[in-house]
4 protein chains.
Amino acid sequence: MNTFGHNFRVTTFGESHGAAIGVVIDGCPPGFSLSESDIQPFLDKRRPGQNDLVTPRKESDEIQILSGIFDGKTLGTPICLLIHNTSMKSADYDELKDLFRPGHADRGYMEKYGIRDHRGGGRSSGRETAARVAAGGVAALFLAQYKIRIIGTLLQVKGETTQDGIEKVIRTARDYGESVGGIIGITVSGCPPGLGDPVFGKLDALIAYAMMGIGGVKAVEIGSGITAAVMTGSQHNDQMTPDGYLSNNAGGILGGISTGQEILVRLTVKPTPSVRTVQKTIDTQGFEKTISVQGRHDPCIAVRIVPVAEAMMSLVLIDAFLEQRKINPHFMQEPRFQHE
Amino acid sequence: MNTFGHNFRVTTFGESHGAAIGVVIDGCPPGFSLSESDIQPFLDKRRPGQNDLVTPRKESDEIQILSGIFDGKTLGTPICLLIHNTSMKSADYDELKDLFRPGHADRGYMEKYGIRDHRGGGRSSGRETAARVAAGGVAALFLAQYKIRIIGTLLQVKGETTQDGIEKVIRTARDYGESVGGIIGITVSGCPPGLGDPVFGKLDALIAYAMMGIGGVKAVEIGSGITAAVMTGSQHNDQMTPDGYLSNNAGGILGGISTGQEILVRLTVKPTPSVRTVQKTIDTQGFEKTISVQGRHDPCIAVRIVPVAEAMMSLVLIDAFLEQRKINPHFMQEPRFQHE
Amino acid sequence: MNTFGHNFRVTTFGESHGAAIGVVIDGCPPGFSLSESDIQPFLDKRRPGQNDLVTPRKESDEIQILSGIFDGKTLGTPICLLIHNTSMKSADYDELKDLFRPGHADRGYMEKYGIRDHRGGGRSSGRETAARVAAGGVAALFLAQYKIRIIGTLLQVKGETTQDGIEKVIRTARDYGESVGGIIGITVSGCPPGLGDPVFGKLDALIAYAMMGIGGVKAVEIGSGITAAVMTGSQHNDQMTPDGYLSNNAGGILGGISTGQEILVRLTVKPTPSVRTVQKTIDTQGFEKTISVQGRHDPCIAVRIVPVAEAMMSLVLIDAFLEQRKINPHFMQEPRFQHE
Amino acid sequence: MNTFGHNFRVTTFGESHGAAIGVVIDGCPPGFSLSESDIQPFLDKRRPGQNDLVTPRKESDEIQILSGIFDGKTLGTPICLLIHNTSMKSADYDELKDLFRPGHADRGYMEKYGIRDHRGGGRSSGRETAARVAAGGVAALFLAQYKIRIIGTLLQVKGETTQDGIEKVIRTARDYGESVGGIIGITVSGCPPGLGDPVFGKLDALIAYAMMGIGGVKAVEIGSGITAAVMTGSQHNDQMTPDGYLSNNAGGILGGISTGQEILVRLTVKPTPSVRTVQKTIDTQGFEKTISVQGRHDPCIAVRIVPVAEAMMSLVLIDAFLEQRKINPHFMQEPRFQHE
């Protein structure tokens, strides 16, 4: 199951230390302007090595379009986007070949498949998300034509909520060979009402699926989120007036359908599992071992998940957008403007 | 999109005040013992009118098997389960015909479809979940053969965590025509390792999709959940020894794949939106109105969502279980025992 | 796999001698007028006992709408259509319990599932097609709004091509306890250009899938069909002029996409396998037996497949129609007229 | 819709004159030996320029594995196979830019998408089938472990049925700038009973879908095919004895389920539409034109469709094979031998 979406179907492929990673987008509407330079900025936001808060690994993450575009426009045929792997230091991982890293998918892969690519997490590496970000970029450019905008922000890291506090706690973690968790907020503005299906295809359910499908995410909240548990009905309900809603506890989605208000989502990201601190583990034979993970790891993976979460939100929305066209042939027919 | 699952495909149908609600299960393995009396107990747990904490509406929710069973065993063909609607007081809803209820899907349905069945929420009614519970019961009986067990509990209501405190706060809400939110915990024991797919079909992502797809759920947490945001990597990682894991912050799922530990999920449910308290709203023409919802509503919908959440978890697990058979033909071949 | 279609998704259920057969339609556009009396005429065309060319079994095949309709219009929610089984003479099949009938699916069901409902073919009975015809009727009514019309005709039976010859050969077969094969033609008029996807979702491929999915169909031809094998390129190509195409060897589909010409399909149906003539077979233990199938069987099943083939064509077209709305938001937006 | 299959999901991408064509295979079982040199022979069979019966275009069609393989074995993760386009003479197509070629998908693409890549057919080019052949090769290697073998043969060209006659008629067509149609037979040996689903997922329906999804195919027949129309029931039924079936009119499939006999399929392929003979057509503005297609075209496209049809059959069978594992956990558990 490496495909996301029913209408704008995104299939990613590639291991972190294989020849390339990439994505095939099937169902992108035709006649839409698109070039490599439109997509590259989305990847650049996710790319490592940009500042001292993230891993210093150098990955150029240069996107290449293999199909589906002709004369600068989408053809309506599958768009294949490829990113060659260039910064692969497989030897770094030799010592991890027979060890299961705590907090990682290593052991799960062996239990599931009976085989795994141990180099850098293989398919479970965060690197796979570059392909999602590329596809999400295409979706975001499509949605921008209709003035639908998605913005992600790092809200909190280990309790700190200011930029200064966040940076300080991340640098401290890095210096100690440790890592820290965090909370990301995603806000969608300009979303039309009517997106999402009322039963199993609820828009909030699809968002939860998309966000929890990012490695390291442990909680997804919509609108009021966990604070709904301590509210009464009259506090939680968003009252309506002819001028609009008086609050947004719903987070822009009621009964699984977008209301036209801002969509508000929060996701909690666990601390990066790769730490230098010595931990107990077992090897592939089941014997007792200890492990101290060396190498170039992100001290706070939440930082780099922000553009991934934006991408996943774009993928959810474009899929629901195209779905709604089937139901209502008059739905937002014309792009309000071409993306710049 | 009224179908859930890829292998054990569940399609529900029916409006709360139509002739019937029901479900078609496609992909249930053949040769499995199943009768109406096996499924009925699951529905009885969800049925209203059982005590003074829930709505006093009387619904018999009697299940009828229309197809897919012969001589007491599943045929491998689609199983249609039907529940006739018997306690329909459509007239109760006449005054709501032209009003949008705050916190409800009423307005969303109009925006999406241009038409709605206003009687009792129609398709968005909690009543639709009876069909899910029926299908989930079939799944749970299948899983029980392999000693996989799912148990849901109401953990918290408006901050109260003891049975006494919970009951008191619910009765108070009911007496004031108000409602309260809550938190439900779901625990799965006996889940084998290897369930779930590593990228978009992550087991935790499918659980988040399933749980957020229940009306009123505003947050889904796996394992450590939102507390992961304030932890360090070495605190959060579940260290391994030859005797097992030393903790379960992962909640039984790493990299999207079950580890064999208990699966731990928490969901936050908003307070029931139907309250007597007067609230501002608009009518279908957009004019300013007030509303006070009368009638037989649950003061804490979380109480009745417990069996629904168990059902959705069963549906996620059976789907992942059957998926794993394709990958690994030796996967848990024999039921360990027949369900009692 | 009991679901057909991606956008207008049709799931049938039910065994021939169970309580009922039926269908759930998910994805029917909202706001469309629909009642039981609109659908019943489609079923009446398939219903047995109408003249002496078909089985004299009496089945009322009365359709009941359980969901998805409110005030005479579709809600956009799942439509469940039910047909109760009333003419079940299960005892007729007792002697067939342990015998495999030649030309039937009996043995395949046992090999596949390890269990079967032997009464009247169970799920493999032609009776299941009543559910398809009901769903196809809904699709046909939708398409008729856009002046898309589907007409099936029995073209040939055992070489006879006139109504008189056809009837005579069928009556002779019936009198001898035998059966005969035939060829059905399906013509679609008013189909807009642009339906169908160019690679795996070719319109002709979907038609072939739909038609070969009717029990007893052994061949599907589009346009020139098998005669294409003896033609040259310049003979086969349909030349274009400003006034239209000069021929229709393509059968209305080129490169998997409808051209706007009439869609022309032919299907070959095998003779009904249930015959009185004594034949060799084996029992469920593998022992040598002979069989002479008694009872009320159609001497030419092709006669009754005509409305089923029309239904399947309607299902293919509505699905492609809704798919095209996603690609092109301006596609045939308004129904040209409401169905009468 | 560029994906084929539910369990072994194959997504192709690429235009004939773009940078590359390729395929992503999702759902390939893990632990299976696979290398580029295993797959290349399948492509070599389809490759043009091999003898004087086919187009003299030179395409190396060299396969490259981008993902999903580690240490010579499948990982269970998506396998991306890439073929770079090297023999692209786009200029050849400049004069066709504003002309619709009779018998081609050119006009359909414009009607569907409002845009097309006119160079060499773009996505509708036969070149796309190279990607299917690559994926089909992987499937065939998997199936060969279980001694399931698929063999395609060119049975007939313009009425000729001997190798000599076939070659002569093809050379004559080529010399005259014309083309000829033909009939291909596909035989599957070693197929276990029980594959295929009884209603919409019938094995013969899936085969018809797969075969009619190859460009140029106008008819698909199973077993007796169109001759079933002139047979009686007792002639057509395949009688059973303890030693096996006495005939195979069913073509190895009854009621949609494989019987264990050989699967027999025939497909009729139309003559290649690109001919030098002058034909009437219109340009993209709708004006009257004539056309004589020059260039390196196959005089009988049926010749080159043989390996494509084998590939599509392999894809149908592996998908049904994996599906059956879900139903029956004991189904053919062990490969009988590793592919050589």
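Every chain is numbered from 1, with letters handed out A, B, ... down the list of sequences. What you are looking at is a predicted structure, and each value in this text was computed from that prediction instead of being measured.
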Can you tell which part of B/Asp238 gets under 4.5 Å to a heavy atom of chain A, answering side chain, backbone, both or neither?
->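 For B/Asp238, the contact with chain A is made by the backbone alone.
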
Less than 4.5 Å apart, any side-chain heavy atom of [X] and any of [Y]?
X	Y	answer
A/Glu111	B/Ile257	no
A/Thr259	B/Arg107	no
A/Met1	B/His6	yes

What pair of heavy atoms forms the shortest contact from [X] to [Y], and how long is it?
X	Y	answer
B/His104	A/Leu254	O-CD1, 3.3 Å
B/Phe200	A/Tyr209	O-OH, 2.6 Å
A/Ile226	B/Ala219	CG2-CB, 3.7 Å
A/Thr232	B/Lys158	CG2-CE, 3.4 Å
A/Val199	B/Glu128	CG1-OE2, 3.2 Å

Which residue out of [options] racks up the most heavy-atom pairs below 4.5 Å with chain A?
options	answer
B/Ala208, B/Pro242, B/Gly201	B/Pro242
B/Tyr245, B/Tyr176, B/Phe100	B/Tyr245
B/Gly260, B/Ala105, B/Pro198, B/Ala210	B/Pro198

Short N-O contact, B/Asp197 and A/Lys112, less than 4.0 angstrom |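 A salt bridge links B/Asp197 with A/Lys112.
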
Can you sort out the partners of A/Glu160 under salt bridge (charged side-chain N to carboxylate O under 4.0 Å, His left out), two or more places apart, ordered by chain and number?
->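 Partners of A/Glu160 under the salt bridge (charged side-chain N to carboxylate O under 4.0 Å, His left out) test: none.
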
Looking just at side-chain N and O atoms, do A/Ser234 and B/Glu178 make a donor-acceptor pair shorter than 3.5 Å?
->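 Note: A/Ser234 and B/Glu178 side chains meet the donor-acceptor criterion.
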
